[in-house]
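Just below is one structure, and these are the notes that go with it.
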Amino acid sequence: MLKKLQTCTELLHGGRDPALHGGMVNVPIYRGSTVLSHSLEQWESRKQPDNPYASYGRFGTPTTRALEELVADMEGGYRSLVFPSGLAACTHAIMSVLSSGDHILLPDSVYGPTRAFAQNTLARFNIAAEFYAPDIGAGIGALLRPNTRLVYVEAPGSGTFEMQDIPAIAEQAHKAGAYVAMDNTWATPLYFKPFEHGVDISIQAATKYLIGHSDALLGVATANEHAWPLLRKGAHDFGQTIGPDDIFLALRGIRTLPLRLRQHWDTGVKLAQMLAQHPLVARVMHPALPGDPGHALWKRDFLGASGLFAIETIPMPAPAFARFIDQLRLFGIGLSWGGYESLVLPMDAPKRSASPFEVKGRIVRIHAGLEDSQDLIADLQQALQCASDSLAVSGQAVEAGI
Ligand SMILES: *Cc1c(COP(=O)(O)O)cnc(C)c1O
């Protein structure tokens, strides 16, 4: 009998059974809509909700099943469902729990498109969305109403990286009979175990670290046994389905996730530490840094950090800021993250309704890729130097005290 396996070992051996596929190491890409039965009895058995993969391609194929089982195991949940994007996983998880007349609470720091969905689409279905300060903790109790059916959490928050006391929030939500759904994309299931902290539905934008190579879009929602019937029914009724090629890419990505993530974490912290010392950087938002307001919660609940964090520059004229961004050689300018390549994303001031977030300079989100960390540091330093030179020419450096 083997002792409990380490995560990296589990991820290499889970979700695949070569004996079922002619000895092939990887689960093949199954294409298909119709699944044939050889008898009435088999046909009847395939219609069971507990056997959703067997009856029709829309419910998945053996390729889908491999990914769903692997992610459910990683998250520590009961079952998973794949979606065509991370956002689709967020919105369908939310819709699967809510009905007209319900109330949902979301953190002010929630992923922007999830915020827009709550404000625009949920409103059309007479569902009230209310935003709360991400650091509210057990104080969420005061916002829970008799019709609050879902409390949404995301830690750290998108763009501003504020941590949340998820166990405290979940305890209050459950006392009031509400479900807790979490966007767990930042930490991945490796660095945060949502179901050990009171979450009922955990969401991954698999587009990011799980796929890990910027070559596909995919989402996964995982439920505990309590929330699974809602998630399954809610999602299947919408008819979501994913092509098997993208699922194959997610399975492939997950095999190397532990190795990649360790490197993203390490490099991200190195970049953040360098930037925290730089005179053009007013603040670094990274919960793994000891000075960060969310550091204690991160240390208590998380097992690691990903490579995504943000900085706020000192206030500077647009041309100096443009010099910084444009002079970067190794960082692409673009959306998304979690791939092997480093990225920067100049961000607008965050939208807030419950907790003001003051920004004097410019926020830049940084994704530390898998390049050598010293190369990345040198690139950031030379680009910031270009911005400094531009400030010196325009006379701003004296004002800024550099
Ligand atoms: C990117 C992202 C999503 C959405 O994923 P897509 O696959 O781009 O739809 C959801 N949540 C978070 C935190 C993200 O960063």
Side-chain angles (χ1 to χ4, degrees), residues 67 71 75 80-95 106-121 131 134 152-164 166 181-192 194 199 201-222 235 238 240-243 245-247 249-250 253-254 257 261 264 268 285-287 294 298 302 305-310 332 334-339 341-348 350-351 363-369:
L67 178 64
V71 175
E75 293 263 35
S80 301
L81 272 181
V82 293
F83 293 86
S85 70
L87 182 60
C90 297
T91 57
H92 283 80
I94 291 171
M95 279 306 241
L106 302 106
D108 230 358
S109 51
V110 72
Y111 178 62
T114 306
R115 182 186 189 93
F117 168 78
Q119 286 178 317
N120 305 331
T121 302
F131 296 92
Y152 196 87
V153 294
E154 181 182 331
S158 276
T160 49
F161 297 88
E162 291 143 293
M163 291 299 295
Q164 296 201 257
I166 293 165
M182 174 175 191
D183 187 328
N184 191 28
T185 303
W186 184 84
T188 84
L190 297 191
Y191 290 165
F192 184 76
V199 171
I201 300 178
S202 177
I203 298 147
Q204 289 293 325
T207 308
K208 311 293 168 54
Y209 286 116
L210 271 50
I211 286 176
H213 295 72
S214 312
D215 49 8
L217 290 148
L218 201 82
V220 188
T222 304
F238 279 106
Q240 298 277 3
T241 178
I242 331 301
D245 300 77
D246 290 348
I247 293 180
L249 290 175
I254 289 170
L257 181 64
L261 216 47
H264 287 295
M285 293 158 260
H286 192 319
W298 175 78
F302 284 58
S306 67
L308 192 77
F309 65 100
L335 285 169
S336 203
W337 46 281
E341 81 289 20
S342 289
L343 293 172
V344 290
L345 180 67
M347 298 185 67
D348 296 333
K351 292 196 176 70
I363 294 187
V364 181
R365 193 183 73 182
I366 296 176
H367 176 247

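When a ligand or atom number is given, it counts from 1 through the structure's own listing order.
- S85 contributes atom OG, which lies 11.0 Å from atom CG of D246 (distance to the nearest 0.5 angstrom).
- Residues P189 and L210 form a side-chain contact, since some pair of their non-hydrogen atoms from C-beta on lies under 4.5 Å apart.
- Applying the 4.0 Å criterion to heavy atoms of W337 picks out, from ligand 1, the atoms 15 (O).
- Which of K208, E154, Q204 comes nearest to atom 1 (C) of ligand 1 through a heavy atom is settled by distance: it is K208.
- Heavy-atom separations between S158 and ligand 1 include at least one value shorter than 4.0 Å.
- For ligand 1, the polar-atom distance check against L218 finds no nitrogen or oxygen pair separated by under 3.5 Å.
- Residue contacts with ligand 1, taken as heavy atom pairs separated by less than 4.0 Å, involve L87 via backbone and side-chain atoms alike.
- Atom CE of M347 and atom CG of L335 lie 9.0 Å apart (nearest 0.5 Å).
- Protein heavy atom in closest approach to atom 12 (C) of ligand 1: D183 OD2, 3.4 Å.
- In this structure, the protein non-hydrogen atom closest to atom 7 (O) of ligand 1 is T207 OG1, 2.6 Å.
- Using a 30° and 60° split on the angle between ring planes, F238 and H92 fall in the perpendicular class, above 60°.
- Here is the list of ligand 1 atoms found below 4.0 Å of a heavy atom in A205: 2 (C), 3 (C), 4 (C), 5 (O), 10 (C).
- A donor-acceptor pair under 3.5 Å is formed between the side chain of S342 and the backbone N or O of G369.
- Remark: minimum distance from atom 6 (P) of ligand 1 to any protein heavy atom is reached at G86 N, 3.4 Å.
- Proximity of a side-chain donor or acceptor of H367 to a complementary backbone N or O of E341 within less than 3.5 Å is detected.
- Residue W186 places no heavy atom under 4.0 Å from ligand 1.
- Aromatic ring pairs are classed by plane angle as parallel below 30°, tilted from 30° to 60° and perpendicular above 60°; the pair W337 and Y209 is perpendicular.
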